[in-house]
Novice: 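One structure is given below, represented as structure tokens, and several questions about it will come after.
Atom set for the values below is all heavy atoms of this structure, side chains included, hydrogens, waters and symmetry mates excluded. Naming convention: chains lettered A, B, ... in sequence-line order (proteins, then strands); numbering from 1 in each chain.
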2 protein chains.
Amino acid sequence: MTSEPIRLGVAGLGRAFMLMLPTFRNDPRVRLVAAAAPREESRRAFEAEFGGRGHATVEGLAADPEVEAIYIATPHQMHADHVTAAAQGGKHILVDKPLAVTLEDADRMVEAADKAGVHLIVGPSHSFDAPVALAHELIKSGEFGSVRMVQALNYTDFLYRPRRPEELRTEEGGGVLFSQGVHQIDIVRLLCGGLARQVTAMTGAWDPTRPTEGAYSALMNFENGAFATLTYSGYAHFDSDTWMGNVAELGGEKPPEDYGKARRALVGLDAEAETKLKTTRTYGSGAEPPAARHHEHFGPIIVLCDRADLRLTPDGVEIFGDTERRFVEAPLGAVPRKTVIDALTAAVREDVPPPQTGRWGRASLEVCHAILRSADNGAAVDLSRQCGTTEKEEHA
Amino acid sequence: MTSEPIRLGVAGLGRAFMLMLPTFRNDPRVRLVAAAAPREESRRAFEAEFGGRGHATVEGLAADPEVEAIYIATPHQMHADHVTAAAQGGKHILVDKPLAVTLEDADRMVEAADKAGVHLIVGPSHSFDAPVALAHELIKSGEFGSVRMVQALNYTDFLYRPRRPEELRTEEGGGVLFSQGVHQIDIVRLLCGGLARQVTAMTGAWDPTRPTEGAYSALMNFENGAFATLTYSGYAHFDSDTWMGNVAELGGEKPPEDYGKARRALVGLDAEAETKLKTTRTYGSGAEPPAARHHEHFGPIIVLCDRADLRLTPDGVEIFGDTERRFVEAPLGAVPRKTVIDALTAAVREDVPPPQTGRWGRASLEVCHAILRSADNGAAVDLSRQCGTTEKEEHA
């Protein structure tokens, strides 16, 4: 055990990496020492800012002896190969959500990490948001009795943000399930103990110009008796951030005049122009992550317990008890996404993994697929690969 | 056809009647000419206010030649006998929701009305609320394309309002399904065309001192392809009126200092004292219905259509279109619940029934039972007795 900063390599210098920048720049517990990216422009920007080594391939990064752990922020469908390469290189891994697109890939990744004896953490994801972590702690305290029912809903403009073509093809991990649903599933599983039992769901792919799932509703239950509804729409009409104090997903303020902005930005663009627009949001493009005065969030979430309902807000948790209500703040520290680095540090330095392990990510991915399957065949889908919030609670 | 006021008799002078008072007092299209109630105090108050005739039994009221139509506002489990008596007396019927507790009773009532050739309308219910009617009109206009997904949720203090003992026994129509769920089901069915196909649901009865369903979540779909989630909690913690501008169910303002009031009022009361407390809220007790500056509502409801989401508010409908949003007001007329009298008048004077017929009420009741059954056996329940928003669209 050492208190030296973790020497981190980064695979993928796109939008996900950019959103981690304020964390990597400000948390002294990590030091960026290398990166892999296909675009030379991104590698140059990385080398200029961090002084680390740029690699053209993830395999090269995985072989870099300077690197202790790798943050994998490449497109979903590449996660499996990149995680496997990193594990074979003996590196601990933080992989962006979703763990993978197929369950077969997820199996391969879990196995590779096990075999190499490295930690595999799925994150960042909104289940790391400080108000979610706070709600989880409040629930574990037992003060409010059992969790009975959870409602999670989120109405965004997801489907109309600039996309690469494959992000609009479900079989390649496109659509709202793999990118967005997995956040909601992660959060709800965390609050309900993790061991989901069955899910019934319906999905919608209603815009023929963006022909992938843009919305879903799911009803699921858990081994501890809790049940939950999860609803998502990425169709850019009603915006549920209005129920989160007009705080945007990333914690910034949302100006009312932005209404319709996502759709307007796409008007007249072909697929190529849209892909190009997307790159203006990545690292090295000159864009900077938005400043935030609140925590990130994933839409309204209400947790009904025996003796109180908990409402997650971008600033903490509102507790609605039998006779009074109170607010517990989740203080906004100097470093955003501190909880992700907490998890990485505890795993790499103290061998204590967070709930969001590879098995955890696989269980959330199982729910994504179950939602698609239930919607397809009109029946409930039994889940069999769930795991609890600690490593010991794996599903029989 | 005549423009004479409808000569209305009232069966039951409890809380439901009191909430109709501002309508009956102010709408010139109805005139109260008789009432039936077991409590003499209520009959005296009625005779003093309206000059009509008080009857000790509904059978007496049904035989009153002065009476043209009867508003039945007796406890749920008595509806079947009272509707049957009214039909046999040749009176048109407005019966409070739910139509009945059992589907057998519902059958008997529909049959009795058919046989007598009288109109049977189930109302008032929140499906008559002006913003609901406005949303229904907006959908029918076709401007926004098809309805695809509806979210309806409502968190109230229902379970802790003063109750008679049977109101806490499910088999006698107690719990949130028959009293409250039926509102939500009515509204969602109206917005989705009425013909529900299948429902999967979970329920909770989590307070052993009030041992009936206090909450549920249901996922249902419709023959036209739309689907919906319906969620309700009556456990008096989080209050979803916060998402309705702090406007209470009946359209009045909700002072923040009232938090926890329902539970506090019950502290130390036994069943008898609680029943007595309930009577302080009925007609003749001196209590008056609350003044309202908004329409009534039944919690947040979002309707996702192809080209806009519609959000119901206590004042109208907010339309979230592709590039702009706008608000369509549902004007607050001089007479509350005018839509109920519109329906009664159209049926009795013009032979044009509203969507909320006896068959409609039976279809909503079928969903209540399907929710209980699905929660009980953990499987989806197929619906077979649905009807559309016009009489012609009955389920095959």
Novice: Given Y216(B) and M149(A), is the side chain to side chain contact (heavy atoms under 4.5 Å, CB included) satisfied, shown in steps?
Specialist: CA-CA 9 Å; Y216(B) 63 82; M149(A) 179 169 89; over 6 Å; no
Novice: Please rank D309(B), D306(B), L304(B), I319(B) by heavy-atom pairs under 4.5 Å with chain A and give me the top one.
Specialist: D309(B)
Novice: Please state whether the side chain, the backbone, both or neither of A201(B) comes within less than 4.5 Å of a heavy atom of chain A.
Specialist: backbone
Novice: Find the distance between CD (E324(B)) and CZ (R263(A)) and round it off to the nearest 0.5 Å.
Specialist: 12.5 Å
Novice: Quick one: which of G204(B), G260(B), A380(B), A308(B) has the most heavy-atom pairs under 4.5 Å with chain A, could you say?
Specialist: A308(B)
Novice: Can you tell me how far OG1 of T203(A) sits from CZ of R148(B), rounded to the nearest 0.5 angstrom?
Specialist: 11.5 Å
Novice: Would you call the rings of W206(A) and F227(B) parallel, tilted or perpendicular if under 30° counts as parallel and over 60° as perpendicular?
Specialist: tilted
Novice: Between OG1 of T229(B) and CG of L153(A), what distance do you get to the nearest 0.5 Å?
Specialist: 8.0 Å
Novice: Can you say whether Y155(B) sits under 4.5 Å from chain A via the side chain, the backbone, both, or neither, judging by heavy atoms?
Specialist: side chain
Novice: Identify the two heavy atoms, one from T200(B) and one from L219(A), that lie closest to each other, and give their separation to 0.1 Å.
Specialist: O-CD2, 3.4 Å
Novice: What's the spacing between S240(B) OG and Q151(A) CD if we round to 0.5 Å?
Specialist: 10.5 Å
Novice: For P208(B), is it the side chain, the backbone, both or neither that has a heavy atom under 4.5 Å from a heavy atom of chain A?
Specialist: neither
Novice: Which answer fits R325(B), side chain, backbone, both or neither, if we ask what part of it has an atom under 4.5 Å from a heavy atom of chain A?
Specialist: both
Novice: Chain B: which of L310(A), I302(A), D239(A), D207(A) shares the most heavy-atom pairs with it under 4.5 Å?
Specialist: I302(A)
Novice: Non-hydrogen atoms of chain A under 4.5 Å away: do they reach the side chain of A236(B), the backbone, both or neither?
Specialist: backbone
Novice: Checking the side chain of Y259(B) only, and the main-chain atoms of G321(A) only, is there a donor and an acceptor separated by less than 3.5 Å?
Specialist: yes
Novice: Select one option (side chain, backbone, both, neither) describing which atoms of T323(B) are under 4.5 Å from chain A's heavy atoms.
Specialist: both
Novice: Distance check, rounded to the nearest 0.5 Å: D322(A) atom CG versus Y235(B) atom OH?
Specialist: 12.0 Å
Novice: Heavy-atom cut-off 4.5 Å, strictly under: side chain, backbone, both or neither for N221(B) against chain A?
Specialist: both
Novice: For S374(B), which atoms come within 4.5 Å of any heavy atom of chain A: side chain, backbone, both, or neither?
Specialist: neither
Novice: Which bit of S146(A) comes within less than 4.5 Å of chain B, counting heavy atoms only: side chain, backbone, both or neither?
Specialist: neither
Novice: For the atom pair CD (E318(A)) and NE2 (H237(B)), what is the distance rounded to the nearest 0.5 Å?
Specialist: 13.5 Å
Novice: Contact part of R264(B) toward chain A, heavy-atom cut-off under 4.5 Å: side chain, backbone, both or neither?
Specialist: side chain
